[in-house]
J.: 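Structure incoming, see below.
Quick note on labels: first sequence line is chain A, next is B, and so on, each numbered from 1. Just so it is clear, the model here is predicted, and its values are computed rather than measured.
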Protein chains: 2
Amino acid sequence: MNDYMMLLKTVGLKATLQRIGMLEVIAGTGHISIDDIYAKIHQMWPTLSLATIYKNILIMVEKGVLREVPLMGAKSKYELMQSDHIHLICQKCSSIEDKMIDDLLKEHLAVIAQHDLLILKQSHINLYGLCKNCQ
Amino acid sequence: MNDYMMLLKTVGLKATLQRIGMLEVIAGTGHISIDDIYAKIHQMWPTLSLATIYKNILIMVEKGVLREVPLMGAKSKYELMQSDHIHLICQKCSSIEDKMIDDLLKEHLAVIAQHDLLILKQSHINLYGLCKNCQ
DNA sequence: ATCCTTGCAAATGATTTGCAAGAGT
DNA sequence: ACTCTTGCAAATCATTTGCAAGGAT
């Protein structure tokens, strides 16, 4: 029983081959759109349907297994749920790199939220620009 | 000739009544989805079509008049282009409040981008949680 | 054995496009 | 006058749904 099976059971979902396959593809790329998940999976597994991917993305986001990453000018990508972090997004090649949020920044954001009496649940920080390969 | 007419001409777009109306609605709410723009405008102006709104959102984003605000679990909203700022987003009532990015935070983000050799163009910071009215 | 999930096809919803008529410069 | 933009309808693309068959617990 691998980690993804365990993860799925923990949140009350059946550990189907389809879901495990999706999680592996998502983990393998870091961040990926629904169409790209489908393209990747469809190659080796032609019967897995797009509708199944949609249904599972929805339920796994709801259960907190995945997190949606909404993006400017593109369809959302999805990533495994993990602690808040920064996305460095290239506007040319669409690559996304992750970066930890350091304690100072975390504290800074907490103060901002607190000042507005917002009970903070998630911070999404996206820095858009040109990555080193695209400059 | 009002400010929006001037703004549109500056970027090379004709200042039509439809575009000026859209900009007024967007400015009036701060952040608004395409459907809500349509709902608002359609009341007082029943012939303005949804297709026109789509076309104009697209071109005004392209020209840098508007900025897309992509959101978790919802369709994007749009705002007038302005310097980067923080969005405090309520996950219950979907309200969005703006907050300035102070110099310290700005510097902090610049260092992070620089460290990864990203040429930074835009910072999107979204803090999700519960606003004071919804707690 | 039971209930959840899949895969297909159909339904719905969102966005884009083509084009003739109208508005802005 | 010229060109860009609008509004409608149709086309396309994205997402969701219903349901019978198969799979996980």
Side-chain angles (χ1 to χ4, degrees), chain A residues 1-25 32-63 65-66 68-78, chain B residues 1-25 32-63 65-66 68-78:
Chain A
M1 159 129 84
N2 74 25
D3 287 354
Y4 295 136
M5 289 178 84
M6 205 119 62
L7 172 58
L8 288 165
K9 286 183 188 171
T10 306
V11 299
L13 294 175
K14 286 189 180 171
T16 64
L17 270 166
Q18 288 86 339
R19 285 175 184 155
I20 293 166
M22 285 176 64
L23 291 174
E24 278 168 357
V25 167
I32 188 168
S33 69
I34 287 182
D35 294 339
D36 289 349
I37 295 172
Y38 182 64
K40 280 216 179 241
I41 283 186
H42 197 257
Q43 288 185 323
M44 20 179 183
W45 194 343
T47 66
L48 202 163
S49 80
L50 190 51
T52 295
I53 295 180
Y54 272 105
K55 286 181 222 186
N56 282 329
I57 287 282
L58 206 68
I59 201 168
M60 289 195 287
V61 166
E62 198 170 281
K63 297 290 186 180
V65 174
L66 296 179
E68 180 186 357
V69 183
L71 296 167
M72 260 201 319
K75 290 207 256 173
S76 291
K77 296 194 175 191
Y78 295 86
Chain B
M1 158 130 84
N2 73 24
D3 287 354
Y4 295 136
M5 290 178 84
M6 206 120 60
L7 173 57
L8 288 166
K9 287 182 187 170
T10 306
V11 299
L13 294 176
K14 286 189 181 171
T16 64
L17 271 167
Q18 288 86 340
R19 285 177 185 153
I20 292 166
M22 285 176 64
L23 291 174
E24 278 168 358
V25 166
I32 188 168
S33 68
I34 287 182
D35 294 339
D36 289 349
I37 296 173
Y38 182 63
K40 281 217 178 239
I41 283 186
H42 198 257
Q43 289 185 322
M44 18 178 186
W45 195 344
T47 66
L48 202 164
S49 79
L50 189 51
T52 295
I53 296 180
Y54 273 105
K55 286 181 224 188
N56 281 330
I57 287 282
L58 207 67
I59 200 167
M60 290 195 286
V61 166
E62 200 169 277
K63 296 290 186 182
V65 174
L66 297 179
E68 180 186 358
V69 183
L71 297 166
M72 261 202 317
K75 290 207 255 171
S76 290
K77 298 195 175 190
Y78 295 86

J.: Starting at atom OH of A:Y54, determine the distance to atom P of D:dG18, rounded to an integer number of angstrom.
T.: 18 Å
J.: Quick one: is D:dG7 close enough that its OP1 or OP2 comes under 4.0 Å of any side-chain N or O from B:Q18?
T.: yes
J.: Please report the distance, rounded to the nearest Å, between CD1 in A:I34 and C1' in D:dA14.
T.: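 Nearest whole value for this atom pair: 9 Å.
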J.: Take the protein atom NZ of B:K14 and the nucleotide atom P of D:dC2, then report the distance between them rounded to whole Å.
T.: 13 Å
J.: When you compare the side chain of B:R19 with that of B:V65, does any pair of heavy atoms fall below 4.5 Å?
T.: no
J.: Output the single nucleotide from C:dT25, D:dT25, C:dG7 whose closest atom is nearest the side chain of B:A15.
T.: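 Side chain of B:A15 sits closest to C:dT25.
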J.: So, does A:T52 get its side chain near the phosphate of C:dG7, meaning an N or O under 4.0 Å from OP1 or OP2?
T.: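 Checking C:dG7 against A:T52, a side-chain N or O does come within under 4.0 Å of OP1 or OP2.
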J.: Compare the minimum distances between each of D:dT6, C:dT5, D:dA9 and the side chain of B:N56, then state the nucleotide with the smallest one.
T.: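 Among the listed nucleotides, the one closest to the side chain of B:N56 is D:dT6.
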J.: Relative to the 5' end of DNA chain C, which residue comes earlier, B:L58 or A:L17, by the nucleotide with the nearest heavy atom?
T.: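 Closest to the 5' end, via its nearest nucleotide, is A:L17.
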J.: Between D:dT17, C:dT16, D:dT15, which one does the side chain of A:L50 approach most closely?
T.: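 Of the options given, the side chain of A:L50 lies nearest D:dT15.
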J.: Less than 4.0 angstrom between a side-chain N/O of A:T16 and OP1 or OP2 of C:dT6, yes or no?
T.: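 Indeed, a polar side-chain atom of A:T16 lies that close.
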J.: Using a distance-only criterion (donor-acceptor N/O pair, under 3.5 Å, no hydrogens), is the base of C:dG7 paired with the side chain of A:K55?
T.: yes
J.: Set out, in order, the CA-CA distance, both residues' side-chain angles and the distance that settles side chain to side chain donor-acceptor pair (under 3.5 Å) for B:E68 and B:S76, then state yes or no.
T.: CA-CA 6 Å; B:E68 180 186 358; B:S76 290; 2.7 Å; yes
J.: Compare all side-chain heavy atoms of A:L23 with those of A:L66 and state whether any distance is below 4.5 angstrom.
T.: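 SC-SC contact between A:L23 and A:L66 confirmed.
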J.: Expressed as a whole number of angstroms, how long is the span from A:M6:CE to D:dT25:C1'?
T.: 17 Å
J.: Can you tell me the distance, in whole Å, between the CZ atom of B:R19 and the P atom of D:dC4?
T.: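 Atom-to-atom, B:R19 to D:dC4, this comes out as 11 Å.
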J.: Between A:I57 and A:M22, is any pair of side-chain heavy atoms under 4.5 Å apart?
T.: yes
J.: For A:M5 and C:dC4, give me the distance from atom CE to atom C1', rounded to whole Å.
T.: 15 Å
J.: Does a side-chain heavy-atom distance below 4.5 Å link B:I34 with B:L50?
T.: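 Touching, per the 4.5 Å side-chain cut-off.
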J.: In this structure, how many angstroms lie between the C1' atom of C:dG24 and the NZ atom of B:K9, rounded?
T.: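 These atoms are roughly 8 Å apart.
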J.: Rounded to whole angstroms, how far apart are OH on B:Y38 and P on C:dA14?
T.: 13 Å
